[in-house]
Colleague: 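Quick one: the structure is below, and I'll ask about it shortly.
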Amino acid sequence: MPPHDPDHEAGSPNLRLCGPLPGGPAGPYGSDDWTQHPAVARVTDYLMGGTDNYEVDREFAQRLLAVAPPLRAIVQISGEFRPRAVAVLAHELRIGQFIELGCGLSSYGLPSTRQSRESRFPWPAHTYDVARAFHDKPRVVYVDNDPRVAGHANVALAEEPGTRHLHADARDVTALLASDACRVLDFDQPVAALAHDLLPWMDDADAAEMMQALREQLPAGSAISVTHATTDVAPGMMAALVEHYADAGILYRPRTLQQIQSLLGAWTILSPGVLPTGLWRRNQKLPLGMGPSAEKSHRLPPGDYSHAYASIITAP
C-alpha cells in the first residue's frame, strides 16, 4: 500500500502507486526540482505547442532540435496517432475500456488553446472523447509516473464519468491493474492499453517485462497499442538524442524494428502491421469534429518523418 496522502484518502479512485524510476528521484521524466531540470512530459508539451513547460524545458528542446531537426514533427506524429488508434480500438475492435499509460501533459489539447478552438474537440483528440463517439459509457484510466503529470490528468482529463487518473509505475502492471483507479474497469470485458512513446524510456528488461505482464494479465479480447522510436532511419541522429538525454540524467532507448517486434510478443498484429507511425492507417476516418481542421491538415508532418513505428496487437 502507498503511504498515507491527505489528498488521496483511502478508498479514493485516484490511488497513487509509484516508486522512483531510474534517472533521478522523480524517475526518467525529470528531477524532483520541477522548474530547474527538463522533464520529458514538459519538453513534449513544448514541442506540441503546449503551455505547460518552463524555460529549462524550452532550452533543452532547442538543444535537442539542434541535433535532431525533425524532432518536432516526430513528436507531433506520435500525438496524432492516438485518435486514430482509439478510433480503431473502439469501433473496429469494439473495445470501450482504455488504460492510457504515460498519458503526459495535454495543454496543447485543451479547449483554451488557439489551435483547438477551431472545433469542439481538442486536437489531437483525447482518448475519452474519441471512445465516447462509439460507446455511450467508455471507461478510461489515465496513468503517469510523474505525480505532477498525474495531478494534471486529474484536472484536465479524468473529469468525465467513468474516467480516473492514477500516479503509478507502468512497469508494475500487477499493482496498476489492482489499483482503486482501475476498479472503474470491468475486467470481464476487453481492455485496450495505450503505450504510446512509453517503451523508449525503459531499459530492455523493463520494457519486455511490462509488455509480457500486459499480455498475461489483460482480459480476453484485449489489445495493446504501441508507438516506439526507432534507430532504423537515422541512427546518428538518434544516437545524438540518446546522448543529450543521458547528459540530463534521462534514459532514452530507441530500438530497431526487430527489437520492437520482439516486444510485441505472440499476440496478433492488427492490419496493416508494424509501420512508421505517420503511415499507420493515415486515412483513418475520425468522428465528426475530432480530426484536424482543413487548415491544420495541410500542415501535418509527412508520415515518413515518423522515425518511429506503430502497431496494435490483439489477444489471440
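When reading the values below, keep in mind they use all heavy atoms of this one structure, side chains included, and skip hydrogens, waters and symmetry mates.
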Colleague: List in chain and number order the residues that pass side-chain contact (heavy atoms from CB on, under 4.5 Å) with E216, two or more places apart in sequence or in another chain; answer none if no residue qualifies.
Modeller: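 If we apply the side-chain contact (heavy atoms from CB on, under 4.5 Å) test to E216, skipping adjacent residues, the hits are Q212.
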
Colleague: To the nearest 0.5 angstrom, please state how far the CE atom of M238 sits from the OG1 atom of T230.
Modeller: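 OG1 of T230 is found 7.0 Å from CE of M238.
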
Colleague: Sub-3.5 Å donor-acceptor pair from the side chain of S78 to the main-chain atoms of V75, do we have one?
Modeller: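 Side chain of S78 to backbone of V75: no pair is present.
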
Colleague: Taking the side chain as C-beta and beyond, is there a heavy-atom pair between L101 and L214 under 4.5 Å?
Modeller: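 They are in contact (side-chain heavy atoms under 4.5 Å apart), so the answer is yes.
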
Colleague: State, yes or no, whether a side-chain contact exists between L65 and L47 at a heavy-atom distance under 4.5 Å.
Modeller: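 Of all side-chain heavy-atom pairs linking L47 with L65, at least one is under 4.5 Å.
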
Colleague: Determine whether more than 12 heavy atoms belonging to other residues, nucleotides or ligands lie under 6.0 Å from atom CD of E55.
Modeller: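 Atom CD in E55 is crowded, with more than 12 foreign heavy atoms closer than 6.0 Å.
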
Colleague: Kindly indicate whether the side chain of N145, heavy atoms from C-beta on, has any atom under 4.5 Å from the side chain of R171.
Modeller: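 No, every pair of side-chain atoms sits at 4.5 Å or beyond.
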
Colleague: Is it true that a side-chain atom of D57 and a backbone atom of R42 form a donor plus acceptor pair closer than 3.5 Å?
Modeller: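 Looks like no, no N/O pair under 3.5 Å.
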
Colleague: Would you indicate whether the side-chain heavy atoms of P254 and H307 approach each other to under 4.5 Å?
Modeller: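 SC-SC contact between H307 and P254 ruled out.
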
Colleague: How about R253 and D203: do any of their side-chain heavy atoms sit closer than 4.5 Å?
Modeller: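 R253 vs D203: side chains apart.
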
Colleague: If you look only at distance, which donor and acceptor atoms sit under 3.5 Å apart when one is on a side chain in residues 221-229 and the other is two or more places apart or in another chain?
Modeller:
unit_1, atom_1, unit_2, atom_2, d
S222, OG, V191, N, 3.0
S222, OG, V191, O, 3.1
S222, OG, P219, O, 2.6
S225, OG, H196, NE2, 2.6
T227, OG1, D197, N, 2.7
H228, NE2, R255, NH1, 2.9

Colleague: Rounded to the nearest 0.5 Å, what's the gap from CG on L176 to CG on L166? Could you check?
Modeller: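 Going from the CG atom of L176 to the CG atom of L166 covers 5.0 Å.
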
Colleague: I'd like to know whether CZ of R58 has more than 12 heavy-atom contacts from other residues, nucleotides or ligands below 6.0 angstrom.
Modeller: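 Check passes, neighbour count above 12.
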
Colleague: Is there side-chain contact between M237 and L71, with heavy atoms separated by less than 4.5 Å?
Modeller: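 No; the side chains remain at least 4.5 Å from each other.
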
Colleague: Verify whether one side chain among Y128 and E100 offers a donor that lies under 3.5 Å from an acceptor in the other.
Modeller: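 Judged by distance alone, the side chains do not pair up.
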
Colleague: Quick one: ring pair (Phe, Tyr, Trp, His ring centres under 6.0 Å) partners of H91, sequence neighbours excluded?
Modeller: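 For H91, the residues satisfying ring pair (Phe, Tyr, Trp, His ring centres under 6.0 Å) (neighbours in sequence not counted) are F134.
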
Colleague: Does the side-chain contact (heavy atoms from CB on, under 4.5 Å) test come out yes or no for W280 and V88, once each step is laid out?
Modeller: CA-CA 11 Å; W280 197 96; V88 170; 4.1 Å; yes

Colleague: Does any non-hydrogen side-chain atom of L270 lie less than 4.5 Å from one of E92?
Modeller: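 Of all side-chain heavy-atom pairs linking L270 with E92, at least one is under 4.5 Å.
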
Colleague: Between R82 (side chain) and A125 (backbone), is there a donor-acceptor pair under 3.5 Å?
Modeller: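 Flag set: sc R82 to bb A125 pair under 3.5 Å.
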
Colleague: What's the spacing between L177 CG and D172 CG if we round to 0.5 Å?
Modeller: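 Reported value, rounded in 0.5 Å steps: 9.5 Å.
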
Colleague: Distance from L263 atom CG to S311 atom OG, nearest 0.5 Å?
Modeller: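 Answer for the CG-OG pair, L263 versus S311, is 11.5 Å.
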
Colleague: Please check this pair: side chain of S262 against backbone of Q258, looking for a donor-acceptor N/O pair closer than 3.5 Å.
Modeller: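 Absent.
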
Colleague: In the structure I gave you, are the side-chain heavy atoms of L185 and R164 within less than 4.5 Å of one another anywhere?
Modeller: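 Heavy-atom side-chain distance check fails, nothing below 4.5 Å.
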
Colleague: Can you name the residues that form a ring pair (Phe, Tyr, Trp, His ring centres under 6.0 Å) with Y245, not counting sequence neighbours?
Modeller: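 Applying ring pair (Phe, Tyr, Trp, His ring centres under 6.0 Å) to Y245 gives F60, W201, Y252.
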
Colleague: For S271, check side-chain contact (heavy atoms from CB on, under 4.5 Å) against everything at least two apart and list the hits.
Modeller: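 R281.
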
Colleague: May I have all residue pairs that pass salt bridge (charged side-chain N to carboxylate O under 4.0 Å, His left out) and include part of residues 227-236, sequence neighbours excluded?
Modeller: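 Non-adjacent pairs meeting salt bridge (charged side-chain N to carboxylate O under 4.0 Å, His left out): zero.
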
Colleague: Does a side-chain N-to-carboxylate-O contact under 4.0 Å join R183 and D180?
Modeller: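 Yes, R183 and D180 are salt-bridged.
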
